[in-house]
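Ligands are counted one by one from 1 in listed order, and the atoms in each one are counted from 1 as well.
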Amino acid sequence: MNRNSMGARMLGLVAVVAVVTVAGCGGGGSSSSGSGGDKTVTIGFAQVGSESGWRTANTQSIKSVLTKENGFTLKFADAQQKPENQIQSIRSFIAQKVDVIAFSPVVTTGWDTVLEEAKAAKIPVILTDRAVDVKDDSLYASFIGSDFVDEGKRAGVYVSTTFGTAPISVVELQGTTGSAPAIDRKKGFAEAIAANPNIKVVASQTGNFTRSEGKQVMEGLLQSQPKIDVLFAHNDDMALGAIEAIEAAGKKPGQDIKIVSIDGVKDGMQALTDGKINYIVECNPLLGPDLATLAKKVADGGTVEKRIVTKDEAFDQAAAKVALPSRKY
Ligand code: AHR
């Protein structure tokens, strides 16, 4: 299911919140008491970290919607990109008997035990943004986020059709090793370019989704690779770091080395508008409103869709010029 009308969703959320608040006054529902005596849904959210502009926008979206005014008590934990910190936070949320647990898993594996603990405590879990690889998918109620394989495919199709008409050497900056977006974007990109014999991926390394590591890895690649025609970066922040490295090496990003990335955060869109990036596939971070709607439903024992795919656009330089002035993140 695609979700693209944020305004409509916010209105829907306000309506849902109003209904739940009224129901709560009558003593129904599964919600717990807030400090003002009003019933709220207590939700524990274990965030990945603050590795990128995308993550900052995602955190902001979640914090701005899961508020007391909207009927929530939010317990927010930043895992600093460490899965073990997320496991610790989830266990703490279970001990605190929150109504709902939501999290964006740093990596795909290693979640079975802690999710079984949440299930045993009868606390529903919502995955946002990133998927988990678990044996039993009843361990979570719903997963909302982008289709990362499709994002990688769209990047690959652009590279293949726009630059792959002659032999080209491509370098890839991967996201965090073992994370769903890194695994899926790599897969989607590889699938899209597979049939084009002109494209050779000469190096593929992780830059951990951060600007500083994107810069550092690109510096190394510029030294070790005799020819780089195209950079595919799994997110804008790594592309922006790589741009610094490319400029420091006396080359022009967007011209001498073409750049395709994923996210569409403001800084990335600015670089695209400035001609330093050639194409960006969007990954929408504004998941707060949909998470709020889902959390209300699961807290009240309702059924929800197992998978909700957010809608992503894509921008070339001309489209970015049009979109940038009204960009929200
Ligand atoms: O999981 C989404 C990815 O995580 C974003 O593309 C990236 O910027 C972030 O760190």
What protein heavy atom sits nearest atom 6 (O) of ligand 1, and how far away is it?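 That would be D263 OD1, 2.6 Å.
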
Can you tell me the protein heavy atom closest to atom 2 (C) of ligand 1 and the distance?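 I find the closest protein heavy atom is D129 OD1, 3.2 Å.
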
Kindly compute the distance separating CD1 (I62) from OG1 (T67), expressed to the nearest 0.5 Å.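 Interatomic distance, I62 CD1 to T67 OG1, rounded to 0.5 Å: 13.0 Å.
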
Give, for atom CZ of F148 and atom CZ of R130, the distance between the pair rounded to the nearest 0.5 Å.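 It comes to 6.5 Å.
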
Would you mind checking if [Y] and [X] are paired as a salt bridge, meaning a charged N to carboxylate O distance below 4.0 Å?
X	Y	value
K227	D229	yes
E282	R327	yes
E191	K187	yes
K251	D256	no

N/O to N/O below 3.5 Å, does that happen between S52 and ligand 1?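 Min N/O separation from ligand 1 is below 3.5 Å for S52.
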
Return a yes/no value for R185: is any of its N or O atoms, backbone included, closer than 3.5 angstrom to an N or O of ligand 1?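 Between R185 and ligand 1 (N or O atoms, distance only) the closest approach is under 3.5 Å.
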
Can you check which of R130, M238, E151, E282 brings a heavy atom nearest to atom 3 (C) of ligand 1?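 Looking at heavy atoms only, the winner is R130.
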
Check ligand 1 against E51 and write out every atom of the ligand that is under 4.0 Å from a heavy-atom position of the residue.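 Those of ligand 1 that fall under 4.0 Å from E51 are 4 (O), 9 (C), 10 (O).
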
For P181, the ligand 1 atoms whose distance to one of its heavy atoms is below 4.0 Å: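 Those atoms are 1 (O).
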
